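For reference, the structure is listed below as structure tokens.
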Protein chains: 2
Amino acid sequence: MDRETTIMNRPLTPRGAATKRRIVEAAAELIHARGAEHVSLDDLMEITNTSKSQLYHYFANKEALVRDVIDLQTGRIVAANAAYLGALDSFTALRAWGDMVVAAYRAGGGVGGCPLGSLANELSSRSEDARLQLKQSFSTWATVIENGLRRMRQDGRLRPDTDVGGVAVAMVAAVQGGILLAKTARDARSLECAVDMALAYVARHAA
Amino acid sequence: MDRETTIMNRPLTPRGAATKRRIVEAAAELIHARGAEHVSLDDLMEITNTSKSQLYHYFANKEALVRDVIDLQTGRIVAANAAYLGALDSFTALRAWGDMVVAAYRAGGGVGGCPLGSLANELSSRSEDARLQLKQSFSTWATVIENGLRRMRQDGRLRPDTDVGGVAVAMVAAVQGGILLAKTARDARSLECAVDMALAYVARHAA
DNA sequence: TTCGTAGTGGACTGTCCAGTCCATTATGTG
DNA sequence: CACATAATGGACTGGACAGTCCACTACGAA
């Protein structure tokens, strides 16, 4: 949510804002690698050089911290996708998007998989708030893709009757499933297969 | 693994075998709904009317119990898929498989998603043993699909150069990703979109 | 029937961890 | 400078939970 207040909704000083940011970023990294339930507040205190009181000064509880982490990761993923899809104007550009997805996975060493996917799996059946937030994250992500596809449709590259919304959702699903299999096998091949399928699915709607 | 011995590798009497089976089946159900880490041994003791000693009489530890649960769920999923893919002989039959996947998801009320997918997400970065076991589960599942596709290729329904292995992996990925999005949104539409994509991907290789 | 082992009961331990509480130090604004 | 409030330190609590241990009961084979 807002990264600029304490739990009492008080404004932060520059020092406080820096501390809060440091905590959220470290939490994002650790949670990506281990999952939210396996990052203890003591872990966080240690690697961010903070105390228990600080965590509870900036966040109402652990759940609120996770909320901020999800926001951070959503922003990162949407930005990375928008960079490739914002000006989607050809199948070549789409291929570049697919390569980026695989490269991003490889860059993380396969550790943790997708920050959103892992959290969705972990939290969606335990916290209704987290589930709704992650549902929104996926929706935003799919919308970014959908907008790119819609532009291709307007440009006459995709057939007029193409269900860009459905295709976009399927593409996100392909990425999520591919990453899950890849992280289980510790081999990016599954993700490559899934991305190939997603790209072929778009190509199938070519005008 | 073997469901027929105690931790000391001693054979079980009928009564013992029944108790062990009761524990594994109840654990499978609870773990599917909540995840392995959120099923305590006390939970299991309560719903199976057993005591702590019994759990440790039949299983070396919780990890061993989860191992048996993964085996059980893998067997169920592979059997369900083989029933539809074992005699895969047309695109209509493939569509029936897709419908079965969606129906199976709906039957579970969207609770917990795929038993294997959820566990893979939860365990693959925490237990190397579990990761390898689940990798094998996914591999077996994909092989069942692959064999069906290979038969279609032999029958001349798919082009000779079709990479049945890659397509099969992509299909499993589509199912996994679709289920993840569906359980996050509590709406089977994502899974339907993903399954449509998977079926279209096979159709794309039609001879 | 007897005896060894399978099967069962349940108390207890040690550890991990979110969250509470009270105290002290830093900061910026009037 | 003074004082209100932000920022920080860290001990303590209570609960959850895997795993241990010892005692007791049921059963099947000799």
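Proteins come first, then strands; the chains are lettered A, B, ... in the order of their sequence lines, and each starts at number 1. Here the structure is a predicted model, which means the values were calculated and not measured.
Counting heavy atoms of neighbouring residues, nucleotides and ligands inside a 6.0 Å radius, atom OH of A:Tyr105 exceeds 12 of them. With a 6.0 Å radius and a threshold of 12 heavy atoms from other residues, nucleotides or ligands, B:Glu128 has its CD atom above the threshold. By the 6.0 Å contact criterion, CD on A:Glu29 is open, its count of non-hydrogen atoms from other residues, nucleotides or ligands being 12 or less.
Using a cut-off of 4.0 Å between Lys/Arg side-chain N and Asp/Glu carboxylate O, A:Arg150 and A:Glu146 are scored as salt-bridged. A salt bridge links B:Asp43 with B:Arg34: the closest approach of a Lys/Arg side-chain nitrogen to an acidic carboxylate oxygen falls below 4.0 angstrom.
Rounded to a whole Å, the CG atom of B:Asn61 is 8 Å from the P atom of D:dT20. Nucleotide C:dT8 holds its C1' atom 11 Å from the CZ atom of B:Arg22, rounded to whole Å. Put simply, NZ on B:Lys62 is 15 Å from P on D:dT20, counting in whole angstrom units. The interatomic distance linking B:Phe59 (CZ) with C:dG7 (C1') rounds to 14 Å, in whole Å. Remark: C1' of D:dG10 and CG of A:Leu55 are 12 Å apart, rounded to the nearest angstrom.
For the pair B:Gln136 and B:Trp141, the minimum side-chain heavy-atom distance is 4.5 Å or more. In this structure, B:Tyr201 and A:Arg204 have side chains that are not in contact, with every pair of non-hydrogen atoms separated by 4.5 Å or more. Here the side chains of A:Asp71 and A:Gln133 are in contact, with some heavy-atom distance below 4.5 Å.
In this structure, A:Thr19 does not reach the D:dA7 phosphate: none of its side-chain N or O atoms is under 4.0 Å from OP1 or OP2. Within the 4.0 Å cut-off from OP1 or OP2 of C:dG7, not a single side-chain nitrogen or oxygen of B:Gln54 is found.
Under the 6.0 Å distance and 45° angle rule, B:Lys20 counts as a cation-pi partner of B:Phe59.
Each end of the helix from C:dT1-D:dA30 to C:dG30-D:dC1 yields a helix axis from five base pairs, and these two axes differ in direction by 10° (to the nearest 10 degrees).
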Determine, for nucleotides 21-30 of chain C in 5'-to-3' order, which nucleotides have protein heavy atoms under 4.0 Å from the base (write B), from only the sugar-phosphate (write S), or from neither (write -).
-----SS---
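Side chains of A:Ser118 and A:Lys183: a donor on one and an acceptor on the other come within 3.5 Å.
For DNA chain C, the neighbouring residues in residues 31-50 of chain A, judged by any heavy atom under 4.0 Å, are A:Val39, A:Ser40, A:Leu41.
Pairing each heavy atom of A:Asn49 with each of A:Arg22, the nearest pair is O-NH1, 4.1 Å.
Ranking C:dT8, D:dA18, D:dG10 by closeness to the B:Tyr58 side chain, first place goes to C:dT8. Considering only the side chain of A:His57, D:dT8 comes nearest among D:dG19, C:dT8, D:dT8.
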